[in-house]
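Chain identifiers are assigned alphabetically (A, B, ...) following the order of the sequence lines, protein sequences preceding nucleic acid strands; residue numbering begins at 1 within each chain. Please read all numbers here as calculations on a predicted model, not as lab measurements.
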There are 2 protein chains.
Amino acid sequence: MAKAERIRIYDVARVAGVSVATASKALNDTGRMTEATRTRVKQTAAALGFRPNAMARALTRQRSFTIGLLTNDTYGRFTLPVMAGINEALVDQGVSVFLCGIEDDAALGKIHVDAMLDKQVDGIIATGKRIDRRLPVDLSNLPVPVVYAFTEGPADAVTLVSDDRQGAREATEHLLAHGRRRLVHVTGPDSFASVQNRAEAFRASAGQDAMVLHGAWSEAWGHEAVAKLWAQPNRPDGIFCGNDQIARGVVDALRERGVDVPAEVSVVGFDNWEIVSAATRPPLTTIDMNLKELGREAGRLILDLAEGSRSSRASARCHASSCCANPAEATASRTAPKKRCFRRFRECCHRHWRAHGSGGKRRLERGNPTRHRTRPRPQGRI
Amino acid sequence: MAKAERIRIYDVARVAGVSVATASKALNDTGRMTEATRTRVKQTAAALGFRPNAMARALTRQRSFTIGLLTNDTYGRFTLPVMAGINEALVDQGVSVFLCGIEDDAALGKIHVDAMLDKQVDGIIATGKRIDRRLPVDLSNLPVPVVYAFTEGPADAVTLVSDDRQGAREATEHLLAHGRRRLVHVTGPDSFASVQNRAEAFRASAGQDAMVLHGAWSEAWGHEAVAKLWAQPNRPDGIFCGNDQIARGVVDALRERGVDVPAEVSVVGFDNWEIVSAATRPPLTTIDMNLKELGREAGRLILDLAEGSRSSRASARCHASSCCANPAEATASRTAPKKRCFRRFRECCHRHWRAHGSGGKRRLERGNPTRHRTRPRPQGRI
DNA sequence: GAAAGCTGAGAAACCGTTTTACCTAGGGTG
DNA sequence: CACCCTAGGTAAAACGGTTTCTCAGCTTTC
């Protein structure tokens, strides 16, 4: 089973008894030839186990079938599902992904972006751990398209974000549907855009005077919030938490006080972070942002842009991935199945992407290639 | 700031007034020329912002400065730190990483491996979520070196694993150092190699008759174990847990019983998974497997192999990343700083890597390139 | 029956580097 | 002075493909 030397298209051509040009065209379903020739070449290639050298191909095609994924979030609570989705969308297009973790280091970011550009990526997806923060790199005026997913980009950029309002609405409606009326929203710091959006949507559904408590993104804050809430007269019967850690703190604190969840009080989390939501007793009802689908969309989008930027002018549409509720409401059983459901797919923005010099043009434009060629490579005669 | 056409080495050569060959040699610090020429070319390149096209370079050099990272573990508890380390080791060598998440899908694995090979990766690192399981792909007889990190590979492969015995020893000694004498080990299923190794090391330090309880990797099991232990007469005063989730369950259960941690009973976890260990009240003492360093080592290793396989026969050494204890023992303060310390770097194995056909040879061997060339590319005169 | 059109295939140019082989001028040697 | 050596540099081949251009041969068409 010793790995033989790699088969080249020359070998295929020789064995099939055709020229290299014909072989290439046969394999790529381009050019004109008898169907017999085409199939013969294809069969030969298959028999020989020919796999084209992606580098060589990229060199002529000006397309590497490679994209770069830039992320902020090395310990990937949010990035990981996004990545999984991206990969899923790209793998069967034959596109590979360079993963680059730049902490919050601008210098490191530049190094990675340069390396990606050197390696001729077809596009770059930027993603992060926070929807309203930017990566410490300048991705404008790059010769390749850029998509921002779950991170903030320039105003005219293609951006994909989760739909916080929709998620908050679903959570609130879930509580209302269970007959809860005294609702409270216990969430993270007010400085997060997500927090503001969710709080707004919560108030829109629960009533403008519904209480919103801001604190840290921690279990401890969940405990503290319950202490505050139970110290006052008008105790809630439904609590919508800003993330699963807060929710877990809330549930634990309620149990410690002897409050029955979910019989007396319903709790809904946000994120559907299995590790937290599944360990909570009872298992948490929580909103899933469906980040994988967001990633999938980012992948499709960057591909469209990469192709568009080389054939015709790109006019990008931009979707938002929706949020979705996990229906496994506070079951007694610890092993309750927790299926994720995809609810809605809402269009949120119609920003456009400025196509930088299309690839088709590029070939023609680049300072008279003929003249250029003749100097360094005088061929033959003269 | 419109991005101009990419500068090629032709441009540099022209501006510097030398031939392309000279330019290339000047920039790569090879060949012979006056120092003046070399610096002139370099300055010109810098002034023009020349960045060589990695594809073209890879084509001639037979080296893409790209490696593939294959992983099992999409939701990356273990893979993520490993990845971070790999990236860290490779970024300043100009090497980029293709990340490929193959669930447990053999077909998907093959697709990714093939894609990586097509893209001429210089090597592949395989990693997973479990040290004693294999990825569902066959990585033997590949034309590039392979390193297995935190996943099992063939017997003769280069493999990097965390040192479970050392970790368990440190945990146990930590408990003994705090004067605890009635030690118990609450850990995961016996089927895990890690579990067996840790249990063995635990017994070696704590005494051969010390109790080891096996269960699930969950908080629930931690609760259950405490129930069992407190139902019997000889209650422990030191508990070493197999992971942080179990430890958290144990600590919570103890608190619910009114047992003071750490005054009456000391608890040590394993993994140093911030999200669990930091949320535990009080913050957990836990063993850090130092996976980032393991990743770093994997990166260095694959690079050595890639270079070795092309200059001289590779004879790889294989290190194990050590474990390391987090010294932040059960502090009252929730905000106790949790620094990680790197303790030891122990050599564990000396397996060798069979170098498959070296790159140097390849060039010469490949069936008379001259004859080959003359057929499809008759140049000029004749 | 000759001009025009179409078809299948191959030669050569090209992508942007690196590397090899060769050349020339100058200097030292016998 | 013939000879060899070396330093500095260049032309061209090579890497492994894709794409454009050309061309011979066969049909149509008038």
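- Distances shown here put a side-chain N or O of B:Thr34 below 4.0 Å from the OP1 or OP2 atom of D:dG9.
- Under 4.0 Å is where a charged nitrogen must lie from a carboxylate oxygen, and between A:Asp118 and B:Arg57 no such pair does.
- Listed nucleotides: C:dT18, C:dT17, D:dG16. Nearest to the side chain of B:Gln62: D:dG16.
- Straight-line distance from the CE atom of B:Met33 to the P atom of C:dT19: 13 Å, rounded to whole Å.
- B:Thr39 pairs by the side chain to side chain contact (heavy atoms under 4.5 Å, CB included) definition with B:Glu35, not counting sequence neighbours.
- At least one side-chain nitrogen or oxygen of A:Ser24 sits closer than 4.0 Å to the OP1 or OP2 atom of D:dT18.
- Under a 3.5 Å cut-off, the side chain of A:Arg40 and the backbone N or O of A:Ala16 do form a donor-acceptor pair.
- The stretch residues 38-56 of chain B has no heavy atom under 4.0 angstrom from DNA chain D at all.
- With rounding to whole Å, A:Tyr10 atom OH is found 8 Å from D:dC15 atom P.
- Computed from coordinates, the B:Gln120 CD to D:dG17 C1' distance equals 11 Å when rounded to whole Å.
- The interatomic distance linking A:Arg6 (CZ) with D:dC15 (P) rounds to 15 Å, in whole Å.
- Distance CD/B:Gln43 to CG/B:Leu48: 12.5 Å, rounded to 0.5 Å.
- In this structure, A:Arg57 places its CZ atom 19 Å from P of D:dC15, rounding to the nearest Å.
- The cationic group of B:Arg63 lies under 6.0 Å from the six-membered ring centre of B:Phe65 and within 45° of the ring axis, placing it in a cation-pi geometry.
- Rounded to whole Å, the distance from CD1 on A:Ile7 to C1' on D:dG17 is 15 Å.
- Here A:Asp114 does not pair with A:Lys119 in a salt bridge; the nearest charged N to carboxylate O distance is not below 4.0 Å.
- Within 4.0 Å of B:Thr30, counting heavy atoms only, lies no atom of the nucleic acid at all.
- A:Lys110 has no carboxylate O lying under 4.0 Å from a charged side-chain N of A:Asp105, or vice versa, which leaves the two without a salt bridge.
- In DNA chain C, runs of at least 3 consecutive Watson-Crick or G-U pairs, each pair with both distances below 3.5 Å, span C:1-30 with D:1-30.
- Within 3.5 Å, no donor on the side chain of A:Lys25 pairs with an acceptor on the base of C:dG8, nor the reverse.
- Side-chain atoms of A:Arg32 and base atoms of C:dG8 include a donor and an acceptor less than 3.5 Å apart.
- One can place CG of B:Asn28 at 11 Å from P of C:dT17, the figure rounded to the nearest angstrom.
- Note on B:Asp122 versus B:Arg61: no salt bridge recorded, every NZ/NE/NH1/NH2 to OD/OE distance being 4.0 Å or above.
- For the pair A:Ser19 and C:dA9, the criterion of a side-chain N or O lying under 4.0 Å from OP1 or OP2 is not met.
- Using a cutoff of 4.0 Å between basic side-chain nitrogens and carboxylate oxygens, A:Asp304 and A:Arg300 are not scored as salt-bridged.
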